[in-house]
Amino acid sequence: MLIRHPPTVRASEITPEAAYLGRRRFMRHAALLGAGMWVGAASAGILPGAAALAAGGSADKPNSWEEITSYNNFYEYSSDKRAVATLAKNLDPHPWTIRIEGEVEQPRTIDIDALLRQLRPQERILRLRCVEGWSMVIPWDGVPLADVLRLVQPTSRARYVRFVSLHDPARLYGQRRATLPWPYTEALTIAEAMHPLTLMATGLYGKPLPNQNGAPIRLVVPWKYGFKSIKSIVAIHFEEQQPHTTWPQVSNDYGFYANVNPHVANGRGSQSRENRIGELHKRQTQLFNGYASEVAHLYRGLDLDRYL
Ligand code: MTE
């Protein structure tokens with residue numbers, strides 16, 4: 001039986017103001033530094049404390065390259081997390097294009113290399129919380145999704161953005177089985193898609209994104225369960241109606257919103273605690289994965305108990 005509690009945002013769950021202001025200052029600082037310089041400085045540890053601020057104001061330490069690249073959910077290859085990295089070697093993600101279409105003034109096919117010359121990647125250290133109960137802190141390199149979407153001028157009818165992963169059973173062996181409805185599909189509201197925390201990641205620790213993490217480009221929505229952060233994207237559609245996405249088709253206990261919520265159980269049972277990879281003891285899961293002060297306003301008036 002599911003135990004549900006009111007979705008109130010408690011003061012204790014909101015990042016302390018000082019940490020929040022600190023993070024805002026840090027973001028400005030990072031912007032001033034310039035994307036390339038910041039990536040280098042952060043990886044070399046020249047900016048002490050910056051990583052913690054970027055991860056949400058706490059003393060979150062990034063997970064290691066090894067942890068992030070050897071424990072992966074990517075059902076197109078396998079449902080065995082430890083097997084994904086080896087199976088994914090089969091894919092050469094170059095060249096790669098993304099088709100952007102639907103409710104837009106100017107549909108476009110974007111080449112990823114050209115995109116990265118136009119929009120320089122920035123480092124963003126963000127928490128990832130999987131609905132299976134594990135979490136990591138990941139130093140992504142990427143560009144804000146909003147910057148990509150502005151290139152195509154959405155029409156006034158565009159209310160949702162739908163993302164589609166690569167469908168290629170010849171190379172993605174897991175797609176030869178009906179483990180999930182293929183291709184893997186995810187979607188956001190326009191407001192979520194335009195939020196500055198929503199990232200199109202193209203790298204990790206200053207290196208190109210490994211195949212198992214969604215090369216060459218994947219979504220990162222840090223306040224939602226990890227399944228929203230769709231990998232190896234080939235198409236983006238702007239739509240008027242709420243799209244059908246992969247996981248709610250598998251079970252009614254997975255919702256469209258999938259905001260991290262420790263008070264509400266879902267398809268994988270209680271979500272109150274999590275196992276940070278590399279740590280011995282479980283942690284309390286935070287509402288919106290600790291990003292409430294940045295994103296709670298997006299859901300004002302929405303019953304988070306009902307709209308999973
Ligand atoms: N994207 C695609 N295309 N296929 C997948 O199976 N798994 C999701 C998400 N994106 C998945 C996907 C899930 S359940 C999680 S938790 C994250 O990717 C895991 O990302 P990581 O392997 O980079 O940690």
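Note that ligands are numbered from 1 as they come in the structure, with each ligand's atoms numbered from 1 the same way. As a basis for the values below, the full set of heavy atoms in this structure was taken, side chains included, without hydrogen atoms, waters or symmetry mates.
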Next on the checklist: I'd like the contact residues of ligand 1, where contact means a heavy atom below 4.0 Å.
Outcome noted: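 Within the 4.0 Å shell of ligand 1, which is judged on heavy atoms, sit N72, N73, F74, Y75, E76, L128, C130, W134, S165, Y184, N213, R218, G226, F227, S229, I230, K231.
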Item to check | Crowding at CZ, R171 (>12 non-hydrogen neighbours, <6.0 Å) | outcome: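 Yes, because the 6.0 Å sphere around CZ of R171 holds more than 12 heavy atoms from other groups.
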Next on the checklist: So V260 and Y225, do their side chains get closer than 4.5 Å, heavy atoms only?
Outcome noted: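 Yes, close enough: below the 4.5 Å cut-off.
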Checklist entry - Residues in side-chain contact (heavy atoms from CB on, under 4.5 Å) with P210, at least two apart? => result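 W65, T69, L204, Q212, N213.
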Checklist entry - In chain order, what residues pass the side-chain contact (heavy atoms from CB on, under 4.5 Å) check against R82, with sequence neighbours excluded? => result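 Checked R82 against side-chain contact (heavy atoms from CB on, under 4.5 Å); matches are S70, Y71, D80.
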Side-chain donor/acceptor pairs under 3.5 Å, residues 99-106, sequence neighbours excluded:
residue : atom : partner : partner atom : Å
R99     : NE   : E101    : OE1          : 3.1
R99     : NH1  : T109    : OG1          : 2.9
E103    : OE1  : T155    : OG1          : 2.9
E103    : OE1  : R157    : NE           : 3.2
E103    : OE1  : R157    : NH2          : 3.2
E103    : OE2  : R157    : NE           : 3.3

Next on the checklist: For the backbone of V164 and the side chain of T185, can you confirm whether one donor and one acceptor N or O come within less than 3.5 Å of each other?
Outcome noted: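 Between the backbone of V164 and the side chain of T185 there is no qualifying donor-acceptor contact (under 3.5 Å).
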